[in-house]
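Read the numbers this way: they start at 1 and go in the same order the structure lists the ligands and their atoms.
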Amino acid sequence: MPHILFLMSDTGGGHRAASRAIEAALQEREPGRFTVELVDLWKDYTPFPFNTIPDSASHWLDALPSSYSATFWMWDMLARSRWWSRLYCGLLSSWMKRLHVEHPADVIVCVHAAFVRPAVHALRKTCSNKPFITVITDYAWPTCLWYDPRVDRCLVPTEPAYERGLALGMKPAQMLVTGPPVHPKFSKLGLSKSEARTQLDWSPDKRVVLIIGGGDGTGPVLATARAIDERELDCELVVIAGRNQSLKTALESAPWKGAMRVYGFVENMHVMMRASDLLITKAGPATITEAAILGLPLVLNGGLKYQESPNIDYVVEREAGVYAPGAKKTADQVEKLLEHEGAGLEALGAGLTRIAQPDAVWKIADEIRRYV
Ligand code: UDP
């Protein structure tokens with residue numbers, strides 16, 4: 001049975017979510033036809049201290065976001081030079097060769113920017129011409145690291161991401177704009193809002209404002225929840241802290257004026273989004289595109305400079321969401337949107353169709369099937 005290997009890492013929640021989304025679409029297209037495996041490359045195929053990145057990155061992002069952004073910018077600059085790329089691939093070469101020996105596959109799908117070049121480099125060095133496909137999970141302006149002309153196919157989420165690939169030496173025939181991969185459970189969800197609320201045991205008639213900080217609960221989640229709660233608006237707050245246990249504890253132990261529900265990492269994001277009226281999130285690509293498919297109006301309250309900030313411009317330019325940086329501005333925006341029986345929510349939600357691409361995951365799955 002053909003075996004498909006996904007190269008990912010649990011830095012944030014987007015890479016795993018993308019892999020699972022594509023896997024689900026593949027299995028739906030041809031049930032039982034493939035075996036699929038996910039490998040966390042930072043964790044299992046890099047030396048110390050890099051192998052601690054999935055566990056430590058969220059602390060770094062929370063404590064020193066600007067130093068993370070500076071590092072991201074520097075890597076993006078360095079990745080344009082050939083000598084740096086060669087050095088990087090060379091340093092990880094023995095680890096990547098071991099990866100290919102320990103996880104032989106018929107098709108390799110890479111959904112993490114940091115590993116496209118070293119993984120395809122090691123593969124081609126062994127004279128293997130096994131299909132290697134990149135699925136870019138960044139959104140509006142992916143880092144240079146994503147692009148390597150040695151891959152067989154590079155599936156990109158947006159037009160700007162395609163243009164960037166061309167500028168970096170990718171051939172038009174190598175790339176395809178598919179849209180970003182979102183799990184079919186979002187587009188196929190057959191639940192009304194009230195059914196979703198019943199399932200979740202949420203009150204049936206209050207407006208619900210959902211706050212998320214990606215898979216690791218990063219960004220100004222607590223401050224935003226506090227600022228909205230202070231306004232004593234006619235709504236309930238639901239906060240998803242993801243894997244951030246200390247955020248969850250802080251949320252659970254804080255005194256709240258209004259109704260507040262706190263969750264850790266949830267597996268039913270689609271149901272939670274369907275049950276909500278408004279989403280407040282950092283500019284994480286997966287969360288944005290999931291909300292868009294469900295028609296959930298969104299306020300972006302921040303995003304990492306260079307990596308996520310282009311997503312804010314992309315969404316705002318298409319009038320698919322609003323940007324309200326920081327807790328106070330977000331609370332102002334929420335207050336405004338909930339006025340007049342929530343009239344602003346409907347207008348905001350209308351723009352989401354400009355970025356919603358429910359077919360993307362099927363296009364990606366079909367491209368991968370072509371190589372199996
Ligand atoms: N997610 C989830 N459960 C949670 C929190 C997040 O399944 O409790 C998922 C979310 O639905 C999305 C991903 O994690 O698919 C977050 O990806 P995004 O690109 O928005 O941000 P990242 O976490 O990668 O920074």
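- Contact annotation: the side chain of Ser276 never approaches that of Val209 to less than 4.5 Å [non-hydrogen atoms, C-beta and beyond].
- The distance from atom CG of Asn51 to atom CH2 of Trp42, rounded to the nearest 0.5 Å, is 10.0 Å.
- Between Asp229 and Lys257, no side-chain nitrogen of the basic residue sits less than 4.0 Å from a carboxylate oxygen of the acidic one, so the salt-bridge criterion is not met.
- Taking every non-hydrogen atom of Met269 and a distance limit under 4.0 Å, the qualifying atoms of ligand 1 come out as 1 (N), 2 (C), 3 (N), 4 (C), 5 (C), 6 (C), 11 (O).
- Heavy-atom proximity to Gly215, at under 4.0 Å, picks out these atoms of ligand 1: 5 (C), 6 (C), 16 (C), 23 (O).
- Atom 9 (C) of ligand 1 lies below 4.0 Å from none of the non-hydrogen atoms of the protein.
- The aromatic rings of Trp202 and Tyr263 sit tilted relative to each other, their planes meeting at an angle between 30° and 60°.
- At most 12 non-hydrogen atoms from other residues, nucleotides or ligands lie less than 6.0 angstrom from CD of Glu341.
- If you check which protein heavy atom lies closest to atom 22 (P) of ligand 1, you get Gly13 N, 3.4 Å.
- The shortest N/O to N/O separation between Gly14 and ligand 1 falls below 3.5 Å.
- Looking at ligand 1, you'll find an N or O of Ala286 within less than 3.5 Å of one of its N or O atoms.
- Counting heavy atoms closer than 4.0 Å to ligand 1, residue Val266 contributes atoms from both its backbone and its side chain.
- Closest to atom 20 (O) of ligand 1 among all protein heavy atoms lies Thr287 OG1, 2.5 Å.
- When non-hydrogen atoms are compared, ligand 1 lies under 4.0 Å from the side chain of Lys282 (C-beta onward) but not from its backbone.
- At a heavy-atom distance under 4.0 Å, only side-chain atoms of Ala17, from C-beta outward, approach ligand 1.
- Environment of CG in Asp234: sparse, with no more than 12 heavy atoms of neighbouring residues, nucleotides or ligands closer than 6.0 Å.
- Using a 4.0 Å cut-off between charged nitrogen and carboxylate oxygen, Arg20 and Glu23 count as a salt-bridge pair.
- For a threshold of 3.5 Å applied to N or O pairs, the pair formed by Glu290 and ligand 1 contains at least one separation below that value.
- Of all the heavy atoms of Arg243, none lies under 4.0 Å from any atom of ligand 1, so neither backbone nor side chain is involved.
- A salt bridge links Arg231 and Glu335; the closest N-O separation between the charged side-chain nitrogens and carboxylate oxygens is under 4.0 Å.
- Ligand 1 is never approached by Ala241 to a heavy-atom distance shorter than 4.0 Å.
- For ligand 1, the atoms lying closer than 4.0 Å to a non-hydrogen atom of Gly264 are 8 (O).
- The distance from ligand 1 to the heavy atoms of Gly12 drops below 4.0 Å at these ligand atoms: 22 (P), 23 (O), 24 (O).
- Cation-pi geometry between Arg318 and Tyr314 is met: the NZ or CZ atom falls under 6.0 Å from the ring centre, inside 45° of the normal.
- His340 places no side-chain N or O within donor-acceptor distance of the main-chain N or O of Gly342, the cut-off being under 3.5 Å.
- Between Phe265 and ligand 1, not a single N/O pair is under 3.5 Å apart.
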